[in-house]
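Here the structure is laid out as structure tokens; the discussion comes afterwards.
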Amino acid sequence: MPKFTKEDIIQLVKDEDIKFIRLQFTDIFGQLKNVAIMPSQLEKTLNNQMTLDGSSIEGFVRIEESDQYLYPDLDTFTILPWRPQHGRVARLICDIHNPDGSSFVGDPRSALKRVLKRAGDMGYTFNVGPELEFFLFQTDDEGKPTTKTNDEAGYFDLGPLDHGESTRREICLTLESMGFEIEASHHEVAAGQHEIDFKYADALHAADNIMTFKMAVKTIAQKNGLHATFMPKLIYGIAGSGMHTNMSLFKDGKNIFFDPDGERKLSKEAYSFIAGILAHIKGMAVVTNPLVNSYKRLVPGYEAPCYISWSAGNRSALIRIPSARGNSTRVELRCPDPCCNPYLSLALCLTAGLDGIEKGMTPPDEIHDNIFELSRKERRARGIQELPSSLREAIDEFENDEILKEALGEHIVTQYVAGKEREWEDYSTCVSSWEVDKYIVTF
């Protein structure tokens, strides 16, 4: 059952004194965009008649074919609680369509919908529970972010050591007022690092929630004079920020990953899903870990995985199977970071898992040891491969994976790869402060 009808939204805008409605969408590279309208344009918008200049969005369309349309998802209507109570602001998340009414092939949300339809045709519902980490930093006199936290807390610590506790609490309360069910929030391992977990949802709404979550965190932090960042690796020598992604497939209301009679109480489908992820993870990395900086998090010693492996409990493995069973049985992929485009990332996770199920893949042996303590020779002897070590390597792996490219479509693949190659070229030709400090005196 839909949450809202057009009439419901029109009435709510009147009753709640809403003066602006933000029509939000996400570009190919995971950046949240929006067009703001006044209530006078609401009915036109709800009838899918609001246009967008797609040529102004990187990776969308050329200037000679710029007209596109915003189709709002009525169920995403939400009042933004941090805006004024008089003259309030609401939002609708939109899909991008062409003038003929067809879905735009470059819209990440529509790309995820296409993969979800394939899963639906197989009888599956794909559920996702993300765990996003982020840092809260102080700002300087001009309001610009620093890397100072004024925080001496560690994992699970609380105030007064945890100086971000009040902001984290405010974020949780804000998200709850927007319909989130917050399951846990806590200080993470590094000073100034935090994590807030919210309840799983079907993949489309989970991706919407990830985008809303990041917007809310940054907004509340800014209101409190702090800067929130989801950058994967901020400071050398401390932990980076990840987005562990918990996934499950349901069929006829039952979690198909659970088998009370299976080994570790996991089903054949669960093992094949794991195998599919492991088979495609090198190609997936350019989307799950999209930045040059992402690969500075995926190094040994900071709990972030860098070796292709799985385990029922070992947190050094790329894929972990948490202990809960029954309808809570899930596969946790530990490499994604919160800078990824969640629509594309989840689309590839599902594509890889379904490929494993369709082909009846079998995963390699479970790894019980701390992989970080194994030598390269020991890893190779056990067939443990490594994730890409750079964005350049990840781009090459993605271009060699036809299954993943087909899932996203030619338009997204072409534009995404071109953007990432530009990013790599910029990085490769940039002279860093490390290089200057290292070489200026010696040479």
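FYI, side chains are in, hydrogens and waters are out, and symmetry mates aren't considered; it's all heavy atoms of this structure.
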Under 3.5 Å, is there a donor-acceptor pair between the side chain of [X] and the main chain of [Y]?
X	Y	value
Asp15	Leu12	no
Asn209	His205	yes
Thr351	Ala347	yes
Asp140	Gly143	yes
Asp337	Asn289	no
Asn48	Tyr71	no
Asp17	Gly87	yes
Ser272	Met361	yes
Asn224	Leu226	no
Asp197	Ala184	no

What I'd like to find out is whether the side chain of [X] reaches to under 4.5 Å of the side chain of [Y], using heavy atoms alone.
X	Y	result
Pro72	Thr45	yes
Tyr307	Phe372	yes
Val286	Tyr416	yes
Thr212	Arg91	yes
Ile37	Phe20	no
Met243	Ile210	yes
Asn327	Phe258	no
Lys214	Leu32	no

Quick check for you: to the nearest 0.5 Å, what is the distance between [X] atom [atom1] and [Y] atom [atom2]?
X	Y	atom1	atom2	result
Cys306	Arg297	SG	CZ	10.0 Å
Ser185	His194	OG	NE2	10.0 Å
Ile21	Leu80	CD1	CG	10.5 Å
Leu92	Ile9	CG	CD1	5.0 Å
Lys233	Leu291	NZ	CG	14.5 Å
Arg392	Ser428	CZ	OG	8.5 Å

If the plane angle is over 60° it's perpendicular, under 30° parallel, otherwise tilted; pick one for [X] and [Y].
X	Y	answer
Phe213	Phe198	tilted
Tyr427	Trp424	tilted
Phe250	Tyr200	parallel
Phe230	Phe134	tilted

I need the minimum non-hydrogen distance between [X] and [Y], along with the two atoms involved.
X	Y	result
Thr149	Leu136	CG2-O, 3.9 Å
Thr167	Ala221	CG2-CA, 4.3 Å
Cys340	Thr288	CB-O, 3.6 Å
Trp82	Thr174	CE3-CG2, 3.7 Å
His97	Ser103	CE1-OG, 3.5 Å
Leu46	Ile10	CD1-CG1, 3.8 Å

Looking at [Y] and [X], is any side-chain nitrogen of the basic one under 4.0 Å from a carboxylate oxygen of the acidic one?
X	Y	answer
Arg320	Glu332	yes
Lys420	Glu423	yes
Lys405	Asp401	no

Practice problem: Among Asp355, Val128, Val115, Ile277, find the residue that satisfies the side-chain contact (heavy atoms from CB on, under 4.5 Å) test when tested with Leu350. | Solution: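 Among Asp355, Val128, Val115, Ile277, the one meeting side-chain contact (heavy atoms from CB on, under 4.5 Å) with Leu350 is Val115.
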Quiz item: So Phe180 and Ile171, side chain to side chain contact (heavy atoms under 4.5 Å, CB included) or not? Walk me through it.
Solution: CA-CA 11 Å; Phe180 281 66; Ile171 292 168; over 6 Å; no
Quiz prompt | Test side-chain contact (heavy atoms from CB on, under 4.5 Å) applied to Lys254 - qualifying residues, sequence neighbours left out | solution = none
Quiz item: Given the rule in the side chain to side chain contact (heavy atoms under 4.5 Å, CB included) test, do Val331 and Ile321 qualify, once you have shown the distances and angles that lead to the verdict?
Solution: CA-CA 5 Å; Val331 170; Ile321 312 300; 3.9 Å; yes
Exercise. Taking atom types as modelled, find out whether Ser432 and Glu435 have a side-chain donor-acceptor pair closer than 3.5 angstrom.
Key: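 A pair is found: one side chain offers a donor N or O, the other an acceptor, under 3.5 Å apart.
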Exercise. Determine whether the side chains of Asn47 and Lys6 contain a donor N or O and an acceptor N or O closer than 3.5 Å.
Key: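 There is such a pair (donor and acceptor under 3.5 Å, judged by atom type) between the side chains of Asn47 and Lys6.
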Could you tell me whether [X] atom [atom1] has more than 12 heavy atoms of other residues or ligands within 6.0 Å of it?
X	atom1	result
Gln222	CD	no
Gln49	CD	yes
Glu43	CD	no
Asp141	CG	no
Glu421	CD	yes
Glu425	CD	no

Quiz item: Got a sec, which pairs hit side-chain hydrogen bond (donor to acceptor under 3.5 Å, both in side chains) with one end in residues 105-130, sequence neighbours left out?
Solution: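 side-chain hydrogen bond (donor to acceptor under 3.5 Å, both in side chains) check on residues 105-130 returns Asp73-Arg109, Asp95-Arg109, Asp95-Lys113, Asp107-Ser110, Arg109-Asp208, Lys117-Asp121, Arg118-Glu358.
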Quiz prompt | Ile308/Leu387 under side chain to side chain contact (heavy atoms under 4.5 Å, CB included): CA gap, chis, key distance, verdict | solution = CA-CA 6 Å; Ile308 300 174; Leu387 287 172; 4.1 Å; yes
Exercise. Give the intermediate values and the outcome of side chain to side chain contact (heavy atoms under 4.5 Å, CB included) for residues Leu23 and Asn34.
Key: CA-CA 5 Å; Leu23 308 179; Asn34 90 120; 5.9 Å; no
Self-check item: For Lys223, all residues meeting salt bridge (Lys or Arg N to Asp or Glu O under 4.0 Å), sequence neighbours excluded
Solution: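 Scan of Lys223 (salt bridge (Lys or Arg N to Asp or Glu O under 4.0 Å), adjacent residues dropped) gives Glu170.
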